[in-house]
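To keep things clear, I will list the structure first and then write my remarks on it.
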Amino acid sequence: ERAAGVYHREARSGRYRLTFAEARAVCEYEGGQLATLQQLEAARKIGFHVCAAGWMAKGRVGYPIVKAGANCGFGKTGIVDYGIRLNKSERWDAYCYNPNGKECGGVFTDAKHVFRSPGYPNEYENEQVCYWHIRVKFGHRILLQFLEFDLEEDTACLADFLEVYDSYDDINGFVGRY
């Protein structure tokens, strides 16, 4: 997910696998740096919500919560802050900041919206991760309609995929992986 230049990264091997040095290297490899607490909060204020703890600048760990949920954020909104970690070999995800990075993802509230991967109709970049949040009024429904859907062939659906969730809750809201 990306908002206000902030985005979340996991290790290629999965969630919670990055030491502080590895998290910093992931962000720098993409031309950015680890996000500060203030940058993560600015992103949260415009809708950035990720239920995964990650490294930030100065060895701080936390994650942004927009909507309180039972399974994420301890029922509160804001930055869940684990503080500055003394053990930099602990393993978490990363929150990177790059205001010049390609926009990928966003928050949509319009009645109708068309969105595409960056660079469309060309192929998306390697390691591309995008999160789109579609918000509607209570009681309304969302219709996802794909005019074109082309991914790298991977029968196990591990390399390239689209996941759909029916809430911010990435445990109970999971709809499917395509």
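The residues of the chain are indexed from 1 along the displayed sequence. Just so it is clear, the values below take in all heavy atoms, side chains as well, and ignore hydrogens, waters and symmetry mates. These numbers were taken from a predicted model, which means no experiment stands behind them.
Shortest non-hydrogen contact noted between Gly73 and Val80 is CA-CG2, 3.8 Å. The two atoms that bring Cys72 and Ile65 nearest to each other are SG-CD1, 3.3 Å, heavy atoms only. Nearest heavy atom pair, residue Val61 against residue Ala53, reads CG1-CB, 3.9 Å. For the residue pair Ala52 and Asp93, the shortest heavy atom distance occurs at CB-OD2, 3.5 Å. For the residue pair Asn71 and Cys51, the shortest heavy atom distance occurs at O-SG, 4.0 Å. Heavy atoms only, all atoms of each residue included: Leu40 and Pro64 are closest at CD1-CG, 3.9 Å.
Under a hydrophobic clustering in which Ile, Leu, Val, Met, Phe, Trp and Tyr are joined whenever their side-chain heavy atoms come within less than 4.5 Å, directly or via other members, Val26 and Tyr7 fall into different clusters. Residues Ile134 and Val175 are members of one and the same hydrophobic cluster, defined by side-chain heavy-atom contacts under 4.5 angstrom among Ile, Leu, Val, Met, Phe, Trp and Tyr.
By the side chain to side chain contact (heavy atoms under 4.5 Å, CB included) test, Phe149 is found to be paired with Phe146, Leu151, Leu162, Tyr178, residues two or more places apart in sequence or in another chain being considered. Looking at residues two or more places apart in sequence or on another chain, you find no ring pair (Phe, Tyr, Trp, His ring centres under 6.0 Å) involving His140. Considering only residues two or more places apart in sequence or on other chains, Glu163 meets the side chain to side chain donor-acceptor pair (under 3.5 Å) condition with Tyr165, Arg177. Applying the side chain to side chain contact (heavy atoms under 4.5 Å, CB included) test to Arg141 and every residue at least two apart in sequence or in another chain returns nothing. Every residue meeting the salt bridge (Lys or Arg N to Asp or Glu O under 4.0 Å) condition with Arg85, not counting sequence neighbours, appears here in chain and number order: Glu90. Residues satisfying the salt bridge (Lys or Arg N to Asp or Glu O under 4.0 Å) test with Glu123, not counting sequence neighbours, are none. By the ring pair (Phe, Tyr, Trp, His ring centres under 6.0 Å) test, Phe20 pairs with Trp55, sequence neighbours left out. Scanning for side chain to side chain contact (heavy atoms under 4.5 Å, CB included) contacts around Ala68 gives Thr77, with sequence neighbours left out. With sequence neighbours left out, the side chain to side chain donor-acceptor pair (under 3.5 Å) criterion links Glu22 to Thr19, Arg91. Taking the side chain to side chain contact (heavy atoms under 4.5 Å, CB included) definition, one finds that Ser89 meets it with Asn87, sequence neighbours left out.
Rounded to the nearest 0.5 Å, atoms OH (Tyr97) and CG (Leu34) are 13.5 Å apart. Note: Met56 CE to Gln33 CD = 14.0 Å, rounded to the nearest 0.5 Å. Here OH of Tyr95 is found 8.0 Å from CD1 of Ile79. Values are rounded to the nearest 0.5 Å.
Looking only at distances, a side-chain donor or acceptor of His49 sits under 3.5 Å from a matching main-chain atom of Val66. Between the side chain of Ser117 and the backbone N or O of Tyr120, no donor-acceptor pair lies under 3.5 Å.
The ring pair (Phe, Tyr, Trp, His ring centres under 6.0 Å) contacts involving residues 58-86 comprise Tyr82-Trp92, where partners must be two or more places apart or lie in separate chains. For residues 38-61, the set of pairs meeting the salt bridge (charged side-chain N to carboxylate O under 4.0 Å, His left out) definition, not counting sequence neighbours, comprises Glu41-Arg44, Arg60-Asp81.
No hydrogens or angles considered: nothing links the side chains of Tyr16 and Glu10 as a donor-acceptor pair under 3.5 Å.
Residue Leu86 places its CG atom among 12 or fewer non-hydrogen atoms of other residues, nucleotides or ligands, all under 6.0 Å distant.
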